[in-house]
**Student:** 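So that we are looking at the same thing, I have put the structure below in C-alpha cells.
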Amino acid sequence: MKTIEYLKTLRGKDAAGLKDELAALRREQFNLRMQASMGQMNQPHLTRDARKNVARVKTLLNQKSQ
C-alpha cells in the first residue's frame, strides 16, 4: 500500500516538483551505491527501491509531457 500512496503524492505534483523529486532520488541512489561499495550497507533492498522510484518518477514526467 505504501507504493500506491507514494504514487498518489507524485501525481499531485507538477513537472517542476517531479524534477526535484527525481534529483533527490538520484542523490539517494548514489549514496546507497557508495554505501554498498564500502561495505556499510545494512539494507540492500533499498537500492532496488530507489531504482524503481526513479523509474516511477520518470514515467510520470513522460506522461505529463505528452
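Heads up: numbering here begins at 1 and tracks the sequence. Basis for what follows: all heavy atoms, side chains included, without hydrogens, waters or symmetry-related copies.
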**Student:** Would you say Thr9 and Glu5 make side-chain contact, with heavy atoms under 4.5 Å?
**Tutor:** no

**Student:** If you measure from OG1 on Thr47 to CZ on Arg33, what distance do you get to the nearest 0.5 Å?
**Tutor:** 9.0 Å

**Student:** Can you get from Tyr6 to Leu32 by hopping between Ile, Leu, Val, Met, Phe, Trp and Tyr side chains that sit under 4.5 Å apart?
**Tutor:** no

**Student:** Let me confirm one number: the CD-CD distance from Glu28 to Glu21, rounded to the nearest 0.5 Å.
**Tutor:** 9.0 Å

**Student:** How long is the gap from CG on Leu46 to CD on Gln35, to the nearest 0.5 Å?
**Tutor:** 8.5 Å

**Student:** In Å and rounded to the nearest 0.5 Å, what is the CG to CG distance from Asp20 to Leu25?
**Tutor:** 11.0 Å

**Student:** Could you state the interatomic distance from CE (Met34) to CE (Met41), rounded to the nearest 0.5 Å?
**Tutor:** 11.5 Å

**Student:** To the nearest 0.5 Å, what is the distance between CG on Leu22 and NZ on Lys58?
**Tutor:** 7.0 Å

**Student:** Compare all side-chain heavy atoms of Thr59 with those of Arg56 and state whether any distance is below 4.5 angstrom.
**Tutor:** no

